[in-house]
Amino acid sequence: MSKPQTAGNPPRRVLSIDGGGIRGIIPAMVVAHIERKMGKPAHELFDLMVGTSTGGILALGLSRPGANRPAQFSARWVVKLYEEQGANIFEYSLWRKLRTVGGILDEAYSHEVLEGILGKYFAGATLGDCKTPTMVTSYDIQNRRTVFLKSWYADHQLVRCCDAARATSAAPTYFEPKPLDTGDVASVLIDGGIFMNSPSVSAYAEARKLFPGEPIAVLSLGTGELTRPIAFGEARTWGSALWVMSLLDCMFDGVSKAADHQMQLFLGERYQRLQTSLESASDDMDDASEENIRNLKRTARELINANEAVLEQFFAIDAGNAQP
């Protein structure tokens, strides 16, 4: 992969990462490939990193500083995190199944386990510690507002990365909401995927504000496209519990496809979207079985192999004469 061009006026490069639970292995492996080819960590390759849910965890991990290196995690470390901790995060014990009546009376998974893992990996780092501008999305159910936690925003700089990661990944029915003081108001936050599973449009808008008048290029990474059909004969008999779970999948998938269409219109060739159908891997956000993790990794490798030229073009593009 060639190095970015320095002649002219190269674009500000923006990384946008979708939500998708354990399927975050796919974009993590794509970023690991980019880091290896370019010989630099992600926070040196992108001028802004934005993520929703699992994509938010990845963006924060790639941009937070470590004790003896510029960033705590390389993308390879994040892949390892998914592999080693996925089964713990999405552990659905018999006792919890009985206590929640199959997830109907309470969230399916323990938020305490997730918070413990995030606390260990992010330690005491705050958003203000991020090495490059980083943003994650969430929704405040108490104040009925969208929330964009921004590392460069004064009211958010003292928010701990582990709390921001927990908030952006609090998917309804999976994990309970995250109470969080965002600096300006006390909030109760849930997964940003309910309104913006692919944050590329907002990432582009923030880049326009951060880098006024400069050309912008956006790389959007998906976590796998849903392929399972929902037949009328199946859906017509669903009650509210079954509809809630399926509606989440439809919402996440639908908003991602809408964002992709909008970004193609906004930026043309300076927008690249890496997404793939989940043929062998499960599209369940919580399938952290060893077999599915192997399938997700194989899917990621196939996606990378099919898009080598796309990635090379993205990092070689010279947008000196391009409009912002």
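- Between the CD1 atom of I194 and the CD1 atom of I141 there is a distance of 8.5 Å, given to the nearest 0.5 Å.
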**Asked** Please walk me through it: do V31 and L15 pass side chain to side chain contact (heavy atoms under 4.5 Å, CB included)?
**Response** CA-CA 10 Å; V31 177; L15 176 64; 4.3 Å; yes
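- Residues A281 and T299 approach most closely at CB-OG1, 4.0 Å, considering heavy atoms.
- Annotation: side chain of S187 is in contact with side chain of N143 (closest heavy-atom distance under 4.5 Å).
- Contacts of S138 classified as side chain to side chain donor-acceptor pair (under 3.5 Å), with partners at least two apart in sequence or in another chain: none.
- Taken together through direct or relayed side-chain contacts under 4.5 Å among Ile, Leu, Val, Met, Phe, Trp and Tyr, V310 and F315 form part of one hydrophobic cluster.
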**Request:** Apply side chain to side chain contact (heavy atoms under 4.5 Å, CB included) to M38 and E44, showing your working.
**Result:** CA-CA 10 Å; M38 299 297 293; E44 293 183 10; over 6 Å; no
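- Put simply, the side chain of M196 reaches to within 4.5 Å of the side chain of S202, judged on heavy atoms.
- Looking at R13, its side chain does come within 3.5 Å of a backbone N or O of F314 through a donor-acceptor pair.
- Partners of R12 according to the salt bridge (charged side-chain N to carboxylate O under 4.0 Å, His left out) rule, which considers only residues two or more places apart in sequence or in another chain, are D47, E214.
- Residues forming a side chain to side chain donor-acceptor pair (under 3.5 Å) with R294 (at least two apart in sequence, or on another chain): none.
- With a 4.5 Å cut-off on side-chain heavy atoms, K37 and E308 count as touching.
- No side-chain heavy atom of T126 sits under 4.5 Å from any side-chain heavy atom of Q157.
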**Request:** May I have the step-by-step check of side chain to side chain contact (heavy atoms under 4.5 Å, CB included) for L219 and I34, ending in yes or no?
**Result:** CA-CA 11 Å; L219 178 64; I34 292 170; 3.8 Å; yes
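- In this structure, the side chains of P27 and T223 come closer than 4.5 Å at one or more pairs of heavy atoms.
- Atoms CD and CD, on Q272 and Q264 in that order, are 9.0 Å from each other to the nearest 0.5 Å.
- Under the side chain to side chain contact (heavy atoms under 4.5 Å, CB included) criterion, T132 pairs with H43, M49, S63, T134, sequence neighbours left out.
- Here the side chain of T182 pairs a donor or acceptor atom with the backbone of V185 at under 3.5 angstrom.
- Here the straight-line distance linking atom CD1 of I22 with atom CG of D286 works out to 9.5 Å at 0.5 Å rounding.
- The shortest non-hydrogen separation linking S280 to N295 is O-ND2, 3.4 Å.
- Take Y82 and apply the ring pair (Phe, Tyr, Trp, His ring centres under 6.0 Å) test, not counting sequence neighbours, and it matches no residue.
- Residue pairs satisfying the salt bridge (Lys or Arg N to Asp or Glu O under 4.0 Å) criterion with at least one member in residues 48-62, sequence neighbours excluded, are absent.
- Residues that satisfy the salt bridge (charged side-chain N to carboxylate O under 4.0 Å, His left out) test with E206, not counting sequence neighbours, are K150, K209.
- Side-chain contact between W152 and M135: present, with at least one pair of heavy atoms (C-beta onward) separated by less than 4.5 Å.
- Among pairs with a residue in residues 259-279, those fulfilling ring pair (Phe, Tyr, Trp, His ring centres under 6.0 Å) read Y204-F266, at least two apart in sequence or across chains.
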**Item:** From CA spacing to verdict: side chain to side chain contact (heavy atoms under 4.5 Å, CB included), M263, V218
**Value:** CA-CA 9 Å; M263 288 303 300; V218 176; 4.0 Å; yes
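- Looking only at distances, a side-chain donor or acceptor of N292 sits under 3.5 Å from a matching main-chain atom of S282.
- Remark: D140 pairs with R145 by the salt bridge (charged side-chain N to carboxylate O under 4.0 Å, His left out) rule, at least two apart or across chains.
- Summarising the geometry of I293 relative to A288, their closest heavy-atom pair is CD1-O, 3.6 Å, with the distance given to 0.1 Å.
- Contacts of Q142 classified as side chain to side chain donor-acceptor pair (under 3.5 Å), with partners at least two apart in sequence or in another chain: none.
- We find the CG-CG distance between L303 and L296 to be 12.0 Å, quoted to the nearest 0.5 Å.
- Remark: S53 engages D191 in a side chain to side chain donor-acceptor pair (under 3.5 Å) (not counting sequence neighbours).
- For the atom pair OG1 of T52 and OH of Y139, the computed distance is 15.0 Å after rounding to the nearest 0.5 Å.
- Taking CG of L274 as the start and CG of L311 as the end, the distance is 5.0 Å to the nearest 0.5 Å.
- Side-chain contact between S198 and Q275 is absent, with no heavy atoms from C-beta onward closer than 4.5 Å.
- In this structure the side chain of I216 never reaches within 4.5 angstrom of the side chain of L48, judged on heavy atoms.
- In the hydrophobic clustering of this structure, Y153 does not group with L149; members are Ile, Leu, Val, Met, Phe, Trp, Tyr whose side-chain heavy atoms approach within less than 4.5 Å, directly or through other members.
- Residues satisfying the side chain to side chain contact (heavy atoms under 4.5 Å, CB included) criterion with A300, sequence neighbours excluded, are I26, M29.
- Taking every heavy atom of both residues into account, V50 and A203 meet most closely at CG2-CB, 3.7 Å.
- The two residues P199 and T137 come nearest to each other via the heavy atoms CB-CG2, 4.2 Å.
- Summarising the geometry of D129 relative to A125, their closest heavy-atom pair is OD2-CA, 3.5 Å, with the distance given to 0.1 Å.
- A donor-acceptor pair under 3.5 Å links the side-chain atoms of R23 to the main chain of D283, judged by distance alone.
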